[in-house]
Amino acid sequence: MFAIDTPPPTVSGSLHVGHVFSYTHTDAVARYQRMRGKTVFYPMGWDDNGLPTERRVQNHFGVRCDPSVAYDPHFTPPSEPPEQPLSISRPNFVELCLKLTESDERAFEELWRALGLSVDWSMTYATIGEVAQRISQRSFLGLLERGQAYQLQAPTLWDVDFRTAVAQAELEDRERPGAMHRVRFAPAWAGEGGEALIETTRPELIPACVAVLCHPQDERWKGLVGAELLTPLFGARVPVLAHELVEREKGTGLVMVCTFGDLTDVTWWRELGLPVRAVLGEDGRLVEVAWGGEGFPSDDPQRARASYGELRGRSVNQARRRIVELLRESGDLVGEPEPVSRAVKFFEKGERPVEIITSRQWFFRTVEHRHALIERGRELEWHPPYMRARFEDWVNGLAGDWCVSRQRFFGVPFPVWYPVDEHGAVDHERPILPGEHRLPVDPSTDVPDGYDSSQRGRPGGFVGDPDVMDTWATSSLTPQIAGRAGEPDPGSAHGSSAHGEDGEGVAGDGLSLFQRVFPMDLRPQAHDIIRTWLFSTVLRSHLDHDELPWRGAAISGWVLDPDRKKMSKSKGNVVTPMHLLQEHGADAVRYWAANGRPGTDTAFDAQQMRVGRRLAVKLLNASRFALADLPPAGESLTHPLDRAMVARLAAVVSEASESFEAYDYARALQRAEELFWWFCDYYLELVKSRRYGAVGEEGAASVSRALRLCLSTFQRLFAPFLPFVSEEVWSWWQPGSIHRAPWPEAAQLHGELAEGAGERDLEANALEVAADVLREVRKAKSEARLPMRAPVRRVLVSDLPERLHALGLAREDLLQAGVIDALDVAEADEPAVAVELAEPPR
RNA sequence: GGGCGCGUAGCUCAGCUGGCCAGAGCACCUCGCUUACACCGAGGGGGUCGCCCGUUCGAGUCGGGCCGCGCCCACCA
């Protein structure tokens, strides 16, 4: 068994050239392993749950999900997306998601088939599918039971546009222009001095300020520690405290702590036990707060209310502009804001910076497993090995546990209800869980055991958890989902299991599919999702199975523009994969992809596809020539040139096999290709006449045997890369599919050379010297502007004795190939070839 | 700030554990429709292997430093 944890592509529109690139790498490996006799477990999945699909459905149909709207069983989307988005119920919205992903998935499958991926389509899964939901919910319940999942009301990374919590792994930095503001904080006591200047890029959070910090060893501010300052405009008393994380060099050495401006604020807030003064709402606007009341103290509540009234309801950017005006008017702004450019954290799919908002969320424990995860990373075979560094960087940088709940709609729901007490309050501390037999459940429509649907949302009744899981919380289980962990084995009913290309069966051994495939052999994926997909899959497998999910990970690079930028639709690279396949042919496109070495970014290069097409055509032509009217094969290879050719081939077979074992498909292809061109250019030309019987039956029988061996071997060496053309040429003379034929073995080719062993060096030299001389003859004709068939009166080869001796073995073939009348030799230290043409130069 | 990778012919890159004149393909130039291939074949020109030290009989190949590019990570007030 060779099991591959195929990346389920995100179903949110179309596949791009980068997909074609990396999936081809995996397919080459799969085909190699299959030819090695392995049963290859090679499913395809669709990652269709999650935000990309929601966003696409919104745009495609012109709808918005509104959970408060009732389900309309007769709903049909408008034919044209309306200008004003239509509010529809969650079940209706999910139906549309399913409808759209279904058609996308058909298009994806069509492309993969056109590309020649040897996927077992009977094993396809979807991350929104029932199996995935059941496995995902079962794993969640297990984590909950073992205390590895927990719920917490806490500050969380938040996207204000999607209005959902997001995870650290989904953040990216974007360089954005901003401004540094110098703001005066007045002392809260009467007396001289004590005024503090604070630099901030987020003045709109001054109402959320809960403390001012300096470094413990900062002499400038030591005296202030323990004192209180008044926030400008709002007159809130905030303490001056010391903390190691404050950088003395930044600004004035003082920093304000707000709830919450960034993750450092969260750290300070937690470690210093500061109060919460939250001003940002889920929509990213400033919420109503009561100055002078609970949580928002002020020495001048009236002024605070007036100031805040100018900000309330505004977005962050609007509030920032307004508060700068207010600070300027009040004289608390020192100097003018200085433009700066700084990195800001964004949700990778978002358009506005993430905020930190306190909310109730589900978490999986990760931080306490940091050490174990690093160890798992070291157990894993990385291809290429240096990619492990990215994994360790990420694990070492984990800032908190993994927030897995999303306030979205199209995803796997948390299988949890909560009791509602007689006063209507939801009791989050005593969740109601479903029995395993009920999974998957949707708590927004399903009812927990012991209740009926009339009790939903009523005092004494229950409510369902409204959230869905992070898409990674499900796709981190692809080995389990693909292997159908805990599912009835579809194969057991038929006595064999359907997997591998064409549904190849494996003799029943009493094991479930999952037991046979897990841990899997290979996770192929790109380097940009090491911190998300690879990390989370390792984590889940570690938590649920206490082992790695796969033995090795093959990390592929990206496809870059010719100008070395990452290819993207937004840059106007409208090269659709299907178009590429139509223009160049699947084998040609695969050839280009297979030349991209593992882990290496590769430039998009249509020229390489033309080269691939040339190789495919060459394989057709060479096969046609070799097989046409081929004389009967002899019992053995008797001619030195034939033996030498087979020996060379054996060496390349070894190299290609070794390369494949290390997932270096690119090297395997290059070695095979290099020798194949040489085979066509020199060997085929040298033996052409002998093949036609120019030197008798024995010579023809030997070359016939050699041609069969070489052709069969080359065809199979190319099969993982050029599946279409290799299947075609194989069908001309061999039974069955080449993709089920055994991978060539060097040992078998060496076996052909067993008789007369000991002459290997001599034979190798014969082929080499003959090729050298042939090149010189061609050169002479080329320089004389004569056609290659132009006769040569005499060739004088000067060379070392052993090379001349070897040349003797190739004499007849060389004379024929070069149309040479006389071949003389002379011993010399320096090799030289003198060519005397029969015709004068043109 | 830390880490990883890369810098070899005009372009895209091979050169694995140091050693035959530094290679391939594309592009370019010349020639050739020869009984596998004109969706082709034959041949040719073209490189201070980023720079500087060092180890060695010998270094694109190993060590150190520097320069440039890309990426990852980071508590970027």
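Note that these values count all heavy atoms, side chains included, but never hydrogens, waters or copies made by symmetry.
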Report task. Scan residues 609-626 of chain A for pairs that pass salt bridge (charged side-chain N to carboxylate O under 4.0 Å, His left out), counting only residues two or more places apart or in two chains. Result -> none
Requested in this report: Would you indicate, yes or no, if A74(B) has its OP1 or OP2 atom less than 4.0 angstrom from a side-chain nitrogen or oxygen of Gln168(A)?
Outcome: yes
Query raised in the report: Are OP1 or OP2 of A36(B) and a side-chain N or O of Tyr692(A) less than 4.0 angstrom apart?
Result: yes
Query - Phosphate contact (G44(B) OP1 or OP2) by Lys779(A) side-chain N/O below 4.0 Å - result: yes
Query raised in the report: Any salt bridge between Arg690(A) and Asp813(A), counting N to O under 4.0 Å?
Result: yes
Query - Residue-phosphate contact under 4.0 Å: Gln607(A) side-chain N/O, A27(B) OP1/OP2 - result: yes
Report task. Sugar-phosphate atoms are those with a prime plus P, OP1 and OP2; base atoms are the rest. Using that split, label each nucleotide of nucleotides 14-20 of chain B B, S or - for protein heavy atoms under 4.0 Å, 5' to 3'. Result -> SSB----
Report task. Go through C75(B), C73(B), A77(B) for me and flag the one nearest to the Thr264(A) side chain. Result -> C75(B)
Query raised in the report: What's the CZ-C1' distance between Arg610(A) and C40(B), to the nearest Å?
Result: 16 Å
**Report entry** Selection from A74(B), C40(B), G43(B) that lies nearest to any side-chain heavy atom of Tyr682(A)
**Finding:** G43(B)
Report summary line: Asp393(A) CG to G1(B) P, in whole Å, measures 16 Å
Requested in this report: Would you check, one step at a time, whether the test ring pair (Phe, Tyr, Trp, His ring centres under 6.0 Å) holds for Phe679(A) with Phe714(A)?
Outcome: CA-CA 10 Å; Phe679(A) 166 81; Phe714(A) 277 124; 5.0 Å; yes
Report summary line: Regarding the side chain of Leu245(A), the nearest nucleotide among C75(B), C37(B), G5(B) is C75(B)
Query raised in the report: When you check the phosphate oxygens OP1 and OP2 of C75(B), does a side-chain N or O of Lys250(A) lie under 4.0 Å from one of them?
Result: no
**Report entry** Lys688(A) side chain near A36(B) phosphate (N/O to OP1/OP2, under 4.0 Å)
**Finding:** yes
**Report entry** Integer angstrom distance from the P of G54(B) to that of C21(B)
**Finding:** 25 Å
Report task. Quickly work out the Glu172(A) CD to C76(B) P distance and round it to whole Å. Result -> 18 Å
Query raised in the report: From the list G25(B), C37(B), C76(B), which nucleotide is the closest neighbour of the side chain of Arg614(A)?
Result: G25(B)
Query raised in the report: Does Asp772(A) come within less than 4.0 Å of Arg803(A), counting only side-chain N to carboxylate O?
Result: yes
Query raised in the report: Expressed in angstrom and rounded to an integer, what is the separation of Arg613(A) atom CZ from G25(B) atom P?
Result: 20 Å
Query raised in the report: What's the CZ-P distance between Arg789(A) and G32(B), to the nearest Å?
Result: 11 Å
Query raised in the report: With no hydrogens and no angle check, is any side-chain donor or acceptor of Asp799(A) less than 3.5 Å from a backbone partner on Pro831(A)?
Result: no
Query raised in the report: Mind checking the P distance from G44(B) to G50(B)? Whole angstroms is fine.
Result: 27 Å
Query raised in the report: Are Glu392(A) and Arg390(A) ion-paired here, with the side-chain N under 4.0 Å from a carboxylate O?
Result: no
Query - Under-4.0 Å side-chain N/O to phosphate OP1/OP2 contact, Arg785(A) with C31(B) - result: yes
Requested in this report: Please check the phosphate of G43(B) (OP1 and OP2 only) for any side-chain N or O of Arg775(A) closer than 4.0 Å.
Outcome: no
Query raised in the report: For the pair made of CH2 in Trp533(A) and P in C72(B), what is the distance, rounded to whole Å?
Result: 19 Å
Report task. Take the protein atom CG of Asp265(A) and the nucleotide atom P of C76(B), then report the distance between them rounded to whole Å. Result -> 11 Å
